Q: 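This is the structure I want to talk about, given as C-alpha cells.
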Amino acid sequence: MFPPLPNPPTQTTAPKFGPADLMRRSASTVTPPAQRQTEVAKLIDISKCIGCKACQVACNEWNELTPPIGDNFGVYQNPSDLLPDQWTLMRFTEWDNPQTGNLEWLIRKDGCMHCEDPGCLKACPAPGAIVQYTNGIVDFISENCIGCGYCVKGCPFNIPRISKTTHKAKKCTLCSDRVAVGQGPACAKACPTQAIVFGTKDDMKKWASGRVDDLKSRGFANAGLYDPAGVGGTHVMYVLPHADQPQLYANLPADPKIDPLVGVWKGKGKVAGLGAMALAVLAGVLHYLKNGPEVATEEDERKAKSLVDGAV
Amino acid sequence: MLSPQIHDSYPVAVDRYSGLTRLNHWINAFFFVALVLSGLAFYSPYTYFLSGLFGGGANARMLHPWFGVIVTISFLFLFFRFVGGNGWKPRDTAWMKNPGAVLSGDEEALPEAGKYNAGQKIVFWSMTMLIIIMIATGLVIWDQYFAAYTSIEVKRAAVLIHSVAATAAIIVLIIHIYAAIWVWGSIGAMTSGRVTGGWAWRHHRKWLRDLVAGRVDGDMPKA
Ligand code: HEM
Ligand code: SF4
C-alpha cells in the first residue's frame, strides 16, 4: 500500500509555495527561482479504479462546485462532459478486447494533466491568468482571466471550460491550495482503492513501475505509464493496462503535443506583425519628411476652372 | 451639361461625398479603430495594455466582437456606396506599373484617375476581403455564443487566420490614413464633403472630366 498522506495539522501552516515560485506566467516573462521545487505528481492507476466517483464528489466538495443537474444519456458517466464547475470526470468506455474476448470496462478519470509544457499557458493573452509553479502545478488565476477561450485552443487535452456566467476559465488546480500546506489533492484523499496517489514525481514514477510490473505479471503485456513526452511530461500520470492504445480510454491522445497551429499563432510572427505595423507608420513619416504634403497648386485650380468654363 | 456636383466658383468646388456617405464612413472609422485597438489587446503581451482603453481585458474581450459586427454592417453599406467607382480598369494596371511616380506625387506621369486611383481601389478591395475573412473567422472564435458550432481544431485555424488577416488589415488601414494625410484636401472630402477643382484636376482628372461632361456620382442625392 502507498503510504497515505498525513492528516492536516491543527495549526495554520505557511504555504510551501506561492507567487515567488513561478516558472511560467502567461503573457509575461518571469525569472524562475534558482532552485526548482521538487516536482509533484498525481498518479491515476486505471487498473485499480472501481468507478465509484468518490474523487469526483470530493473535488466538487473541496472546490465548492455545484454543476447543474444533467441528463442521463444512457451510460454511467455523469455529467456527460467536463464543465466550468466539473473539473474532473470519470469517463466510462466499454471495450471488447479482441484478444481475450473479454468485455473490459475502462474508466478514466479525466481532468487537467498539468503539462510540463502547458499549451493553455502558451495560448493565454492575459498576463498572469495562467501560472506554472516550479513544482509543476499549472494554475488558473481567475482574477486575471478575461474569458477569451484561448486556453481551450491551446490545450491538447480539451480540458479548460469557460463559465457562461462568470466568463472565467476553469479546470483542475491539482488542489494547489491543499498541496501548498502539505496535503494531497482532495480526489486522492477520497479514493478508497488508492487508484489515485499523490507525491513527488519521482516517487510516482517508481510506484508506477511497480504497478506496471504487477499488471504485466497478470497478463497485461502492454501495461505502462502515461507521461507523454510531447508535452514535456505531465504532473498527472496514468497507469494504463493497455498503454499501447491510450485512445481506448475515452480518446486519451496517444501522442499529445501543442498543436503546430498554436505554435505559429503564438510564435515570432506576432512580433514581426507588430514590427510591420510600426514600419508602415515609420515609412509614412519618412515619406512625408522627404516629400512634404501633396498639394494642389494655383495652376491646378486654374486648369480646373478653365475645364469647367469650357463646358459652360 | 455640368454635373450638379460642380460649383462654378473660383476655385471650383466639387461635391465628392454626400452627407450620408460621410456619416457612414466616420461611423465605420470610429468602430474600426475601436476594433483594432481592442483586438490588438489580445494580439501580443506588448499590446495587452490597450485593453485598459476599454476598462480591462474582460471588457475588451466582450466588446471586440460586437465592434466587429458593427463594422461589418457599416462596411456593407459603405461597400455599396463605393463599389461603383472601384471597378478595376486597364488604366489602373498602368498606374500600378509606375510606383516611382505614385510615391513622388508625379501624377502627370500616371494615367488620369477616375473617382478612385488604383491605390484606393486596392485599399477598398483588400479591406473588403479582409473584413469578410475576419467576420467569418471571428464568429468561429466568438466562444460566448458560437463555441458549440465548431471543433477546437477549426478554432485553432480560425484564430490564426484572424490574427494574420488583422495584421494585414491594420497595415492597409495605416496606408489608407497616411494617404489621406499626405494628399492635402482629401480629409476635407470626407468632412465637408467637398474638394477644390484643383484637387480633382490633380488627383482624379478623369473623374473631374466625367463630372464636367455631366456624370453624377452614384452616392449623391438624386436632386
Ligand atoms: C468583423 C468581425 C470580427 C469579429 C466577430 C471578431 C471577433 C474576434 C474574437 C471573438 C476574438 C477573440 C478575442 C475575443 O473574444 O474578443 C478576436 C481577436 C482578434 N481580433 Fe477580431 N473580430 C472581428 C474583426 C476584426 C478586425 C477587423 C480586426 C482588425 C483589423 C480584428 C483584430 C483582432 C485581433 C488582432 C485579435 C487578436 C488575435 C490574436 O489573439 O492573435 N478583428 N476577434
Ligand atoms: S492539460 Fe490542458 S489545461 Fe491542463 S496544463 Fe495541459 S494544456 Fe493546460
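The sequence lines fix the lettering, A, B, ..., with proteins before strands; numbering per chain opens at 1. Computed from a predicted model, the values in this text were never measured in an experiment.
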Q: Compare every heavy atom of A:Gly269 with every heavy atom of B:Tyr43, then report the nearest pair and how far apart it is.
A: OH-O, 4.5 Å

Q: Do B:Trp201 side-chain atoms and A:Glu299 backbone N/O form a donor-acceptor pair below 3.5 Å?
A: no

Q: B:Arg156 side chain to A:Lys153 main-chain N or O, any donor-acceptor pair under 3.5 Å?
A: yes

Q: Heavy-atom distances under 4.5 Å only: say whether A:Leu307 touches chain B with side chain, backbone, both or neither.
A: both

Q: Do you know which of A:Leu274, A:Ile162, A:Thr29, A:Val262 has the most heavy-atom pairs with chain B at a distance under 4.5 angstrom?
A: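 Greatest number of close heavy-atom pairs with chain B: A:Leu274.
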
Q: Once you round to the nearest 0.5 Å, how far does CZ of B:Arg61 lie from SG of A:Cys145?
A: 8.0 Å

Q: Heavy-atom count around A:Tyr288 OH within 6.0 Å, excluding the residue itself: above 12?
A: yes

Q: Check A:Lys164 with B:Asp143, please: is the shortest side-chain N to carboxylate O separation under 4.0 Å?
A: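 Not counted as a salt bridge, because no side-chain N and carboxylate O are separated by less than 4.0 Å.
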
Q: Shorter than 4.5 Å, heavy atoms on both sides: which option in B:Leu211, B:Ile175, B:Thr167 has the most such pairs with chain A?
A: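 Of B:Leu211, B:Ile175, B:Thr167, B:Thr167 has the most heavy-atom pairs under 4.5 Å with chain A.
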
Q: Hey, does A:Val295 have a side-chain heavy atom less than 4.5 Å from the side chain of B:Trp199?
A: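 They are not in side-chain contact.
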
Q: Among A:Lys305, A:Glu301, A:Arg302, which one satisfies side chain to side chain contact (heavy atoms under 4.5 Å, CB included) with B:Pro11?
A: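 Of the listed residues A:Lys305, A:Glu301, A:Arg302, the side chain to side chain contact (heavy atoms under 4.5 Å, CB included) partner of B:Pro11 is A:Glu301.
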
Q: Nearest 0.5 Å please: distance from the CD atom of A:Glu294 over to the OG atom of B:Ser104.
A: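 Rounded to the nearest 0.5 Å, the CD-OG separation comes out at 8.5 Å.
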
Q: Rounded to the nearest 0.5 Å, how far does NE2 of A:His287 lie from CD1 of B:Ile181?
A: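 Taking CD1 in B:Ile181 and NE2 in A:His287, the distance rounds to 13.0 Å.
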
Q: Mind ranking B:Val12, B:Ile177, B:Ile6 by heavy-atom pairs under 4.5 Å with chain A and telling me who comes out on top?
A: B:Val12

Q: Kindly check if the number of other-residue, nucleotide or ligand heavy atoms within 6.0 Å of CG (A:Leu289) is above 12?
A: yes

Q: Which atoms of A:Cys155 are under 4.5 Å from chain B, going by heavy atoms: the side chain, the backbone, both sets, or neither?
A: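 Contact with chain B: backbone only.
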
Q: Identify which part of B:Arg205 has an atom lying under 4.5 Å from any heavy atom of chain A, answering side chain, backbone, both or neither.
A: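 No part of B:Arg205 comes within 4.5 Å of chain A.
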
Q: Heavy atoms only, distances under 4.5 angstrom: which of B:Val14, B:Leu208, B:Leu173, B:Leu103 has the most pairs with chain A? Name it, please.
A: B:Leu103

Q: Please round to the nearest 0.5 Å and tell me the distance separating atom CE of A:Met277 and atom CD1 of B:Ile171.
A: 6.0 Å

Q: So, do B:Tyr178 and A:Val285 sit near enough that their side-chain heavy atoms are less than 4.5 Å apart?
A: no

Q: Show the nearest heavy-atom pair for residues B:Gly198 and A:Ala304, with the distance to one decimal.
A: N-CB, 3.8 Å

Q: Does any backbone or side-chain atom of B:Tyr48 lie under 4.5 Å from a heavy atom of chain A? Answer side chain, backbone, both or neither.
A: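 Side chain only.
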
Q: B:Arg202 and A:Asp300: which non-hydrogen atoms are nearest, and at how many Å?
A: NH1-OD2, 3.0 Å

Q: Given heavy-atom pairs under 4.5 angstrom as the criterion, report whether the side chain, backbone, both or neither of B:Ser9 touches chain A.
A: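 Interface part for B:Ser9: backbone (N, CA, C, O).
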
Q: Please say whether more than 12 non-hydrogen atoms of neighbouring residues, nucleotides or ligands are located less than 6.0 Å from CZ in B:Phe146.
A: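 Check passes, neighbour count above 12.
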
Q: Could you look at B:Ala200 and say if it's the side chain, the backbone, both or neither that has a heavy atom under 4.5 Å from chain A?
A: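 Contact with chain A is absent: no heavy atom of B:Ala200 under 4.5 Å.
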
Q: Non-hydrogen atoms of chain B under 4.5 Å away: do they reach the side chain of A:Leu279, the backbone, both or neither?
A: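 Contact with chain B is absent: no heavy atom of A:Leu279 under 4.5 Å.
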
Q: Measure distances from B:Thr196 to the heavy atoms of chain A and classify the residue's part below 4.5 Å as side chain, backbone, both or neither.
A: both

Q: How long is the span from the CD1 atom in A:Ile146 to the CG atom in B:Asn59, to the nearest 0.5 Å?
A: 10.0 Å

Q: Is the number of heavy atoms from other residues, nucleotides or ligands within 6.0 Å of OH (B:Tyr10) greater than 12?
A: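 Yes.
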
Q: Measuring heavy-atom distances to chain B, does A:Val281 have an atom under 4.5 Å in its side chain, in its backbone, in both, or in neither?
A: both

Q: By a 4.5 Å heavy-atom criterion (distance strictly below it), what part of A:Pro260 contacts chain B: side chain, backbone, both, or neither?
A: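 It is neither, since no heavy atom gets under 4.5 Å.
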
Q: With a 4.5 angstrom heavy-atom cut-off, which part of B:His203 approaches chain A: side chain, backbone, both or neither?
A: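 B:His203 touches chain A through side-chain heavy atoms alone.
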
Q: B:Lys155 versus A:Val152: any side-chain heavy-atom pair under 4.5 Å?
A: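 B:Lys155 vs A:Val152: side chains apart.
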
Q: Within a 6.0 Å radius of atom CH2 on B:Trp184, are there more than 12 heavy atoms belonging to other residues, nucleotides or ligands?
A: no

Q: CD1 of B:Ile152 to CG of A:Leu261: how many Å apart, nearest 0.5 Å?
A: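 It comes to 13.0 Å.
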
Q: Within a strict 4.5 Å, meaning less than it, do heavy atoms of the A:His167 and B:Met62 side chains meet?
A: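 No; the side chains remain at least 4.5 Å from each other.
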
Q: My understanding is that only residues two or more places apart in sequence, or in another chain, count here; which of them pass salt bridge (Lys or Arg N to Asp or Glu O under 4.0 Å) with A:Asp139?
A: none

